Amino acid sequence: MRKLLLPSLIIVAATLLVIRIFYLQVINDTFKLKSENNAIKIKYDYPERGYIFDRYGKLMVSNQASYDIMVIPRDLKAIDTLELCELLNITKEDYIEKIAKAKVYSPRLPSVFLPQLNKSEFAAFQEKIRKFEGFYFQKRSLRDYEVDYGANIFGFITQVNEKLIEKNPYYNSGDLIGRQGVEESYEEILRGIKGVKYIQKDKFNREIGSYKDGKYDTIAVQGEDIYLTINAELQKYGEQLMINKRGGIVAIEPQTGEILALVTAPSYDPSILVGRQRSKNYTLLYRDSIAKPLYDRGLLAEYPPGSPFKILTGLIGLQEGVIDEQTSFMCHHGFSYARGRFMKCHGFGPHSLNNGIYNSCNTYFATVYMRTINKYVKPAYAVDVWSNHVKSFGLGDFMGYDLPTGKRGNVPDSKTYKRIYPNGGWRSTTIVSNSIGQGEVLMTPIQLANMMATVANEGHYFTPHIIKKIKGGKIDPKFSEKHETTIDKKYFKPMIRGLFDVYNHGTARGLNVPGIDICGKTGTAENFAKIGGKRVQLKDHSIFVAFAPKDNPKIAIAILVENGGYGATIAGPIASLMIEKHLRKTITRVDLEKRILNTSLRDRYAILGGMKEANAIETTPKDSLSKKKNLAVKIDTTKTN
């Protein structure tokens with residue numbers, strides 16, 4: 001038996017190998033189709049991308065026809081390159097470079113020679129295409145923007161690069177892919193599935209029909225439509241209010257976590273990143289390192305949260321039992337918390353939780369914070385307790401929303417201070433700035449908005465998200481999961497009363513909207529930058545957070561205007577206007593609206609930029625950039641610490 005075992009194994013292996021080779025070469029043509037077969041031409045049928053609608057069904061992004069000129073280098077014959085270049089308005093050097101690039105990709109496979117021709121350009125070349133063997137047209141669809149706002153939400157479409165082609169076999173040279181915004185997040189849903197046709201060619205390189213009678217051909221499947229949580233009119237209004245300002249606005253529906261508006265300023269018209277000028281315009285936007293219109297400040301910019309953070313300081317103090325609603329501390333325009341250390345405050349007299357909130361008393365909340373830390377013997381343990389409470393609001397980490405970009409913010413813990421003070425010696429007085437949203441605490445505007453949504457819900461939140469519905473599909477179930485904080489629900493009610501009184505008696509009085517009960521908190525965050533190698537204090541950031549109505553809230557919002565000054569000056573009025581716009585669709589506080597629309601911080605940004613050249617506005621001619629409006633981008637030279 002042992003003598004027969006080895007010959008038997010050899011015979012069985014050889015038989016299996018022959019069967020496999022026969023299957024691949026005679027029965028299965030898959031590998032023949034995938035190889036660079038000179039007798040088979042592959043044509044792709046590209047589907048339309050899915051449409052994008054707002055939460056109410058308003059069409060925001062559709063498609064328009066476009067045509068790419070494709071080239072197969074091996075099929076090129078003697079052609080009049082001068083005539084071709086004149087027809088396509090390119091130089092001979094451009095022609096040589098494009099052909100060389102196509103040959104590097106593959107001599108036998110098609111490459112994009114010239115992308116995104118419009119109908120008139122296509123018609124002109126179509127008449128003479130017979131004279132240029134080796135070239136043909138590939139029809140595609142490009143985005144057609146029905147609105148001139150929301151560029152940071154949508155993202156844009158661009159050609160795939162070689163690295164992605166190597167990584168993902170679905171894409172070929174010249175294919176389009178979504179980048180940034182929902183175009184990137186929901187690429188596989190929006191793109192659909194391209195169809196493939198295999199064309200048989202004879203020995204003279206002439207097409208003679210479908211390979212195997214179309215056995216392996218597939219039809220294109222259109223991309224699915226998606227509905228965003230965005231209120232299109234609110235988004236548009238927010239971008240109007242932020243003209244000539246820099247910063248971000250994020251509005252969330254507390255009961256669902258749906259993002260109602262996501263504004264970044266400055267921004268741009270999304271239509272300028274479509275068509276033959278897309279690459280040129282993108283380069284201009286990308287290289288603008290001052291205004292940074294491609295930088296989504298609502299998701300990426302990390303700021304000291306300032307006084308809105310006092311909300312968490314108070315809630316943690318209540319939870320830890322170091323105060324109750326009646327606990328009061330005396331304020332003398334500030335207080336001395338250590339030898340030679342004095343924290344300024346505009347308040348005076350006794351302050352408890354309620355008037356501490358609506359007067360935004362630094363003394364009160366600094367004292368609450370120090371009591372929280374001093375409750376425990378070891379400051380390291382105490383600061384970790386405090387840090388865990390803060391993080392339960394979704395802060396200090398990526399939030400898990402369905403947009404491809406974001407920042408963690410920063411919530412310090414004991415490890416933070418061990419790095420800063422390796423020899424120890426730090427205590428509550430060392431880190432007391434955390435109590436008022438300064439110190440090492442950093443938050444993004446979307447984190448601030450989510451914090452307010454959590455307070456509005458009295459202790460829980462849903463992961464913020466921008467997808468409301470996918471036609472023919474389901475959204476990620478994680479967006480309906482409730483996240484509970486470490487703060488008991490009973491402690492939110494007195495805090496909400498204090499936030500309501502901010503509009504009635506406190507720092508936001510004069511910003512109220514008749515008939516709408518708004519709860520809010522002003523904020524003014526210190527801002528530093530290095531100018532000439534020195535740390536210089538610049539104009540404070542204007543911050544405001546709010547939700548409304550007080551009972552059964554429908555919107556929570558955070559506004560941050562860089563170098564805007566006091567929270568009630570610019571950010572506060574914007575909050576009131578955005579809330580009224582969402583709840584009523586009309587504006588009664590026309591006085592606030594007029595003031596904000598007429599407020600420009602261009603000169604302030606230019607001055608604070610130091611010695612850099614700064615024009616207040618860079619405007620590019622309409623006919624070269626956008627069919628809808630000028631590309632107006634602020635040039636901003638300030639930096640946030």
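In this text, all values refer to a predicted model and were calculated from it rather than measured experimentally.
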J.: Checking the side chain of N244 only, and the main-chain atoms of S600 only, is there a donor and an acceptor separated by less than 3.5 Å?
T.: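 Between the backbone of S600 and the side chain of N244 there is no qualifying donor-acceptor contact (under 3.5 Å).
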J.: Would the F135 and F113 ring centres measure less than 6.0 Å apart?
T.: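 Yes.
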J.: Is Q255 atom CD crowded by more than 12 heavy atoms from other residues, nucleotides or ligands, each under 6.0 Å away?
T.: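 Count over threshold, so yes.
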J.: Run the side chain to side chain contact (heavy atoms under 4.5 Å, CB included) check on F154 and Q180 step by step: do they pass?
T.: CA-CA 7 Å; F154 305 135; Q180 298 185 10; over 6 Å; no
J.: Counting neighbours of NZ on K194 that are heavy atoms of other residues, nucleotides or ligands and sit closer than 6.0 Å, is the number greater than 12?
T.: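 Enclosed.
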J.: Search all heavy atoms of I518 against all heavy atoms of A546 and return the closest pair with its distance.
T.: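 Taking I518 first and A546 second, the nearest heavy atoms are CG2-CB, 4.1 Å.
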J.: At what distance, to the nearest 0.5 angstrom, does CG of D551 lie from SG of C519?
T.: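 Separation between the atoms: 8.0 Å.
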J.: Looking at every heavy atom in both M60 and A232, which two are closest together, and how far apart are they?
T.: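 So the minimum-distance heavy-atom pair works out to CE-CB, 4.0 Å.
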J.: With rounding to the nearest 0.5 angstrom, report the CD1 to CD1 distance, I543 to I559.
T.: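 CD1 of I559 is found 10.5 Å from CD1 of I543.
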J.: Strictly under 6.0 Å, is that where the ring centroids of F137 and F125 end up?
T.: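 Yes, the ring of F137 comes within the 6.0 Å limit of the ring of F125, centre to centre.
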J.: When you measure from the side chain of S576 to the backbone of L511, do you find a donor-acceptor pair of N or O atoms at a distance under 3.5 Å?
T.: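 Here the side-chain-to-backbone pair exists.
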J.: For Y170 and I193, work out which heavy atoms get closest and say how close.
T.: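 Residues Y170 and I193, closest heavy atoms: OH-CA, 3.6 Å.
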J.: Please name the pair of heavy atoms, one in A568 and one in P573, separated by the smallest distance, quoted to 0.1 Å.
T.: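 A568 and P573 have their closest heavy atoms at O-CD, 3.3 Å.
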J.: Counting only heavy atoms from other residues, nucleotides and ligands, does the tally under 6.0 Å from CG of N89 exceed 12?
T.: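 No, CG of N89 has 12 or fewer neighbouring heavy atoms, counting only those of other groups under 6.0 Å.
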J.: Would you check if the distance from the ring center of H483 to the ring center of F462 is below 6.0 Å?
T.: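 H483 vs F462: aromatic centres not under 6.0 Å.
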J.: Rounded to the nearest 0.5 Å, how far apart are CD1 of I177 and CG of L164?
T.: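 Atom-to-atom, I177:CD1 and L164:CG are 4.5 Å apart.
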J.: Determine yes or no for a side-chain-to-main-chain donor-acceptor pair under 3.5 angstrom, with E239 supplying the side chain and T264 the backbone.
T.: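 No, E239 side chain to T264 backbone: no donor-acceptor pair under 3.5 Å.
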J.: What I want to check is whether the side chains of R143 and N63 have a donor and an acceptor closer together than 3.5 Å.
T.: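 Indeed, the side chains of R143 and N63 share at least one donor-acceptor pair under 3.5 Å.
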J.: Scan side-chain atoms only and decide if Y145 and S62 contain a donor-acceptor pair under the 3.5 Å cut-off.
T.: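 Not at all, the side chains of Y145 and S62 share no donor-acceptor pair under 3.5 Å.
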J.: Given L260 and I230, is the side chain to side chain contact (heavy atoms under 4.5 Å, CB included) satisfied, shown in steps?
T.: CA-CA 4 Å; L260 301 170; I230 293 296; over 6 Å; no
J.: To the nearest 0.5 Å, tell me how far E183 CD sits from F156 CZ.
T.: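 Those atoms lie 10.0 Å apart.
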J.: Between N450 (side chain) and I446 (backbone), is there a donor-acceptor pair under 3.5 Å?
T.: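 No; judged by distance alone, with no hydrogens or angles, the pair does not exist.
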J.: Does any N or O in the side chain of T444 come within less than 3.5 Å of the main-chain N or O of L300, such that one atom is a donor and the other an acceptor?
T.: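 A pair under 3.5 Å: no.
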J.: Strictly below 4.0 Å, N to O, side chains only: are E302 and R297 in salt-bridge contact?
T.: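 Looking at R297 together with E302, the answer is no, because their closest N to O distance does not fall below 4.0 Å.
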J.: Under 6.0 Å from the NZ atom of K280, do we count more than 12 heavy atoms belonging to anything else shown?
T.: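 Not buried by this count: 12 neighbours or fewer within 6.0 Å.
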J.: Looking at H465 versus Y401, is the centre-to-centre ring distance below 6.0 Å?
T.: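 Ring-ring flag for H465/Y401: false, centres at least 6.0 Å apart.
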J.: Donor-acceptor pair, R589 side chain versus L577 backbone, under 3.5 Å?
T.: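 No.
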J.: What closest approach, in Å, do L142 and G275 show between heavy atoms, and which atom pair accounts for it?
T.: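 Taking every non-hydrogen atom into account, CD1-N, 4.2 Å.
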J.: Under 3.5 Å, is there a donor-acceptor pair between the H460 and T454 side chains?
T.: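 No donor-acceptor contact under 3.5 Å links the two side chains.
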J.: Which pair of non-hydrogen atoms, one from P308 and one from L448, has the smallest distance, and what is that distance?
T.: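 The pair with the smallest heavy-atom distance is CB-CD2, 4.2 Å.
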J.: Using atom types as modelled and distance alone, determine if a side-chain donor or acceptor of D476 lies under 3.5 Å from a backbone N or O of F479.
T.: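 No: the side chain of D476 does not pair with the backbone of F479.
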J.: Counting distance only, does the side-chain N/O of D225 pair as donor-acceptor with the main-chain N or O of Y51 below 3.5 Å?
T.: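 Yes: the side chain of D225 pairs with the backbone of Y51.
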J.: So how far is it from R191 CZ to E224 CD, rounded to the nearest 0.5 Å?
T.: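 The CD atom of E224 is 12.5 Å from CZ of R191, to the nearest 0.5 Å.
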J.: Is a salt bridge present between D54 and K468, judged by a nitrogen-to-oxygen distance below 4.0 Å?
T.: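 Here D54 does not pair with K468 in a salt bridge, since their nearest N and O are not under 4.0 Å apart.
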J.: For residues Y237 and E593, is any side-chain donor paired with an opposing acceptor at under 3.5 Å?
T.: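 Present: a donor and an acceptor within the cut-off.
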J.: For the residue pair Y566 / D540, report whether a side-chain donor-acceptor contact shorter than 3.5 Å exists.
T.: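 Result is no, nothing qualifies.
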J.: In plain terms, say whether E146 and K58 are close enough for a salt bridge, that is, a side-chain N and a carboxylate O under 4.0 Å apart.
T.: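 No.
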J.: Side chains of Y282 and R179 only: does a donor on one sit below 3.5 Å from an acceptor on the other?
T.: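 Checked: Y282/R179 side chains show no N/O donor-acceptor pair below 3.5 Å.
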J.: Return the OH to CD1 distance between Y227 and I475, rounded to the nearest 0.5 Å.
T.: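 Y227 atom OH to I475 atom CD1 measures 14.5 Å (nearest 0.5 Å).
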J.: Can a donor-acceptor pair be found, under 3.5 Å and without considering hydrogens, that links the side chain of K554 to the backbone of N552?
T.: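 Yes: the side chain of K554 pairs with the backbone of N552.
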J.: R278 and T158: side-chain donor and acceptor closer than 3.5 Å?
T.: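 Distance-only check passes for R278 and T158.
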J.: For Y67, check ring pair (Phe, Tyr, Trp, His ring centres under 6.0 Å) against everything at least two apart and list the hits.
T.: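 Counting only residues at least two positions away or on another chain, Y67 forms a ring pair (Phe, Tyr, Trp, His ring centres under 6.0 Å) with F122.
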J.: Taking everything shown except K550 itself, do over 12 heavy atoms lie less than 6.0 Å from its NZ?
T.: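 Above 12, so yes.
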J.: Is a salt bridge present between E253 and R55, judged by a nitrogen-to-oxygen distance below 4.0 Å?
T.: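 Here E253 pairs with R55 in a salt bridge, since their nearest N and O are under 4.0 Å apart.
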J.: Between the side chains of T588 and E580, is a donor N or O closer than 3.5 angstrom to an acceptor N or O?
T.: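 Their side chains do contain a donor-acceptor pair, which is all the 3.5 Å distance test asks for.
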J.: Looking at L597, I'd like to know if its CG atom is crowded, meaning that more than 12 non-hydrogen atoms belonging to other residues, nucleotides or ligands lie closer than 6.0 Å.
T.: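 More than 12 heavy atoms, drawn from other residues, nucleotides or ligands, come within 6.0 Å of this atom.
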J.: So, the side chain of D288 versus the backbone of P293: is there a donor-acceptor pair under 3.5 Å, distance only?
T.: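 No; judged by distance alone, with no hydrogens or angles, the pair does not exist.
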J.: Is it the case that D269 and Y149 place a side-chain donor and acceptor less than 3.5 Å from each other?
T.: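 D269 vs Y149: no donor-acceptor pair found between side chains.
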